[in-house]
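This report concerns only the one structure given below.
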There are 2 protein chains.
Amino acid sequence: MAVTIINVAEKAGVSPSTVSRVISNDSRISQKTSRKVRKVMEELGYHPNLMAKSLVTRTTHNIGIVLPRPAEELFQNQFFSEIIRGIVTKAASSGYDILMTTSTNEIEEWKAVERLVQGRNVDGIILLASQREDPNISFLREKKFPFVLVGRSEDYSDITSVDNDNIAAAQAITRHLIELGHRRIGFVSGPFELTVSKDRLDGYSKALLDGGIPFRCDYVFEGAFTPDSAMQVTEQILKLEERPTAIIAIDDVVAFGIIRSLWNNGLRVPEDCSVVGFNNTSLAEMCLPQISSVDIGMYQMGQSTVQALIQRIKGDGFEQARIIIPHQLIWRRSVTSPDSEA
Amino acid sequence: MAVTIINVAEKAGVSPSTVSRVISNDSRISQKTSRKVRKVMEELGYHPNLMAKSLVTRTTHNIGIVLPRPAEELFQNQFFSEIIRGIVTKAASSGYDILMTTSTNEIEEWKAVERLVQGRNVDGIILLASQREDPNISFLREKKFPFVLVGRSEDYSDITSVDNDNIAAAQAITRHLIELGHRRIGFVSGPFELTVSKDRLDGYSKALLDGGIPFRCDYVFEGAFTPDSAMQVTEQILKLEERPTAIIAIDDVVAFGIIRSLWNNGLRVPEDCSVVGFNNTSLAEMCLPQISSVDIGMYQMGQSTVQALIQRIKGDGFEQARIIIPHQLIWRRSVTSPDSEA
DNA sequence: ATTATTTGTGCAAAGGTTTGCATAGATCTA
DNA sequence: TAGATCTATGCAAACCTTTGCACAAATAAT
């Protein structure tokens with residue numbers, strides 16, 4: 001059988017409560033007793049039973065995270081890897097573990113969260129981006145259970161969410177292109193219903209406005225997050241009477257598809273058309289030409305998410321509603337000033 | 001306060017044990033009682049406290065997984081995403097959650113495992129690939145604690161490990177190239193000390209042997225898993241008097257770097273040199289030309305790992321020592337028969 | 001020397017389940 | 001009809017900690 005706090009107590013000639021207090025560094029325990037108990041703990045190879053501890057303290061030091069079911073876009077682009085890495089690392093250094101689950105059956109998707117919460121298996125929950133209305137949000141909210149949204153922002157001031165500022169990033173990119181002299185700037189979006197599409201499109205049009213450039217509907221395209229889709233869209237772009245001199249893509253993968261298609265049609269990048277991506281994945285660095293992109297700090301998003309969640313859990317009143325991870329523009333070969341205007 | 005089994009028992013007019021038995025579908029409970037209790041559970045919104053349950057059953061339905069610290073190669077190539085996706089999905093459908101942690105401080109790397117195990121926080125452990133001698137292995141072994149190795153095979157028959165058959169895959173690739181008519185086949189490896197390098201190199205040389213082609217040391221190169229490294233290596237290859245007509249890369253990323261460098265030097269792929277990668281990442285599909293590669297079934301590796309671990313946990317005696325996930329060769333544009341020989 | 005304060009420990013309850021054993025009532029056997 | 005067998009349920013111990021409260025001993029204050 002496993003060695004318990006009682007075994008330690010007996011061997012050390014003290015009561016279990018004393019041992020418990022030694023473990024938690026209770027200031028009331030004398031140096032002498034503490035040393036004695038610690039020695040016995042060492043000898044016996046004692047390790048506290050976390051379940052028993054959790055049961056009485058009503059605290060698990062676990063953070064729950066439920067993977068959305070299809071989660072296709074989530075898992076590509078290193079998005080997931082990086083964010084999880086940030087989450088796990090920060091959690092570990094803060095004394096928390098990550099409890100990851102997913103739902104087996106579509107209908108009961110939100111049951112997973114309920115089980116974790118009601119089963120008292122986690123102290124808080126991280127909800128990864130999901131496009132649909134998420135029943136988990138209202139559930140957690142009503143339960144007043146600590147949780148943080150990541151990669152998606154909600155407008156409720158009582159909910160903490162962590163996100164990068166897609167609007168500002170797109171705006172900065174567009175502004176820079178304008179400064180380079182571009183006047184005809186295209187935008188290849190992902191599905192319009194996604195917040196990420198909306199926001200980046202938003203920043204794009206804001207920058208146009210600031211730069212005194214009229215927004216042209218025929219310069220905005222909807223596509224999927226695949227090279228194929230991007231190539232199809234590019235074919236459409238090439239049919240335009242006035243071709244853009246620069247294209248902003250929702251994504252590095254899309255940027256990649258655009259570049260490929262431009263090449264296929266005999267256009268050089270960036271000489272004939274500049275292209276910018278998003279997310280700064282390894283693809284952006286490996287592509288030829290290397291793609292200018294935006295590093296949205298995914299690792300840091302993970303870290304900040306955990307930090308914010310722990311604050312919620314501890315309830316020290318410092319809860320921010322909306323945490324924005326700063327982005328960083330990475331300019332590479334795929335962008336230059338427009339030839340035609342030069 | 002949360003509603004407990006006792007509240008349910010009282011309201012239903014039965015004892016807590018009966019409620020417990022209803023929950024676990026004990027056959028001895030009568031239909032009538034069962035229905036009555038379930039109704040009350042519903043009304044009260046009862047959810048079992050998993051901690052209390054774990055405490056008494058000594059079982060958590062959690063599977064632990066410790067992320068290696070630096071884990072650079074692990075996190076790229078979608079390797080991690082895919083394998084985790086497989087793990088979490090399979091675990092969830094088998095009634096397990098994944099408890100993920102990492103060590104904060106290098107020295108205490110293995111303490112993380114010890115904590116999970118000794119703290120009775122998990123029923124089993126998955127150890128992800130790590131190159132060094134892992135103290136966790138001997139610890140878990142000695143403790144007779146259920147665990148499974150993934151992405152790395154050990155030669156102990158009492159340890160279950162899940163891996164793809166790198167030897168067979170490399171062998172199959174090489175054989176195919178030989179069948180296409182290639183006689184001068186290069187191999188760009190990762191660091192030689194990694195098992196994955198050794199195994200793939202092994203398969204390569206076996207196939208050469210089978211094909212009656214002498215193994216040439218000057219056709220084997222050591223590099224890192226980056227495009228830059230691959231490009232440097234390629235420069236060396238191009239200095240060879242007799243250039244290979246085909247090159248096998250340890251990795252899609254490396255294959256990508258090789259292709260890039262060949263292009264820079266005015267060589268066409270595959271006409272002047274065929275190139276094959278490994279892992280079948282999205283890069284292989286997106287690269288120009290698309291890279292032939294090996295799908296090593298990472299998602300399935302995750303699934304099989306969990307399955308094997310659960311068998312170990314349940315101890316139903318079906319433990320296999322070594323589980324091999326079948327690979328699949330994906331032939332794409334980057335390979336053709338050698339021009340020079342044709 | 002007596003009382004008040006501080007310091008260090010122990011007692012026992014609580015946290016929510018599961019489960020071996022006992023038992024009451026129902027059904028069957030002869 | 002008495003005993004045997006079965007069925008459905010309850011009792012109480014066990015799982016391992018934490019923690020409020022009480023208390024004894026040591027120290028300080030008067």
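Numbers restart at 1 for each chain; the letters A, B, ... are given by sequence-line order, proteins then strands.
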(message) Of the listed nucleotides (C/dT19, D/dT18, C/dG16), which one gets closest to any side-chain atom of A/K53?
(response) D/dT18
(request) Output the residues of residues 31-40 of chain B in contact with DNA chain D, where contact means a heavy atom of the residue under 4.0 Å from an atom of the strand; sort by number or write none. (result) B/T33
(request) Spell out, as yes or no, whether a donor-acceptor pair under 3.5 Å connects the side chain of B/T33 to the backbone of B/I29. (result) no
(request) Determine the minimum heavy-atom distance between A/A12 and A/V40, stating which atoms define it. (result) CB-CG2, 3.7 Å
(message) Keeping A/T102 on the side-chain end and B/T89 on the backbone end, is there a donor-acceptor pair under 3.5 Å?
(response) no
(message) Can a donor-acceptor pair be found, under 3.5 Å and without considering hydrogens, that links the side chain of A/H61 to the backbone of A/Y96?
(response) no
(message) Output the rounded distance in Å from CG (A/N49) to C1' (C/dT17).
(response) 14 Å
(message) Without decimals, in angstroms, what is the distance between B/N7 CG and C/dG15 P?
(response) 11 Å
(request) Kindly express the pairing pattern of DNA chain C in dot-bracket notation, using | wherever a base pairs with another strand and counting only Watson-Crick or G-U pairs under 3.5 Å. (result) ||||||||||||||||||||||||||||||
(request) Enter the distance from A/Y46:OH to A/N7:CG here, rounded to the nearest 0.5 Å. (result) 9.5 Å
(message) If I take atom CD in residue B/E10 and atom P in nucleotide D/dC11, what distance separates them, rounded to the nearest angstrom?
(response) 12 Å
(request) Please check if the side chain of B/R115 supplies one atom and the backbone of A/H47 the other of a donor-acceptor pair under 3.5 Å. (result) no
(request) Return the 5'-most residue of the pair B/S30, B/L55 with respect to DNA chain D, ranking by each residue's nearest nucleotide. (result) B/S30
(request) State whether the side chain of A/S34 and the backbone N or O of A/S30 hold a donor-acceptor pair below 3.5 Å, judged by distance alone. (result) no
(request) Indicate whether any N or O donor in one side chain lies under 3.5 Å from an N or O acceptor in the other, for A/S81 and B/S81. (result) yes
(message) How many whole angstroms separate atom CD1 of B/I6 from atom C1' of C/dT17?
(response) 9 Å
(message) Without decimals, in angstroms, what is the distance between B/R120 CZ and D/dA14 C1'?
(response) 15 Å
(request) Give, ordered by number, those residues of residues 15-29 of chain B having at least one heavy-atom distance below 4.0 Å to an atom of DNA chain C; if nothing qualifies, reply none. (result) B/S17, B/S20, B/R21
(message) Output the rounded distance in Å from CE (A/M51) to C1' (D/dC16).
(response) 12 Å
(request) May I ask you to check whether B/T18 and B/S15 show a side-chain donor-acceptor distance below 3.5 Å? (result) yes
(request) Please report, rounded to the nearest Å, how far the C1' atom of C/dT18 is from the CD1 atom of B/I5. (result) 8 Å
(request) Compare the minimum distances between each of C/dT17, D/dC15, C/dG15 and the side chain of A/V56, then state the nucleotide with the smallest one. (result) C/dG15
(message) To the closest 0.5 Å, what do you measure between CE (A/M301) and CD1 (A/I323)?
(response) 10.5 Å
(request) Would you check if the side chain of A/R120 reaches a backbone N or O of A/Q118 as a donor-acceptor pair within less than 3.5 Å? (result) yes
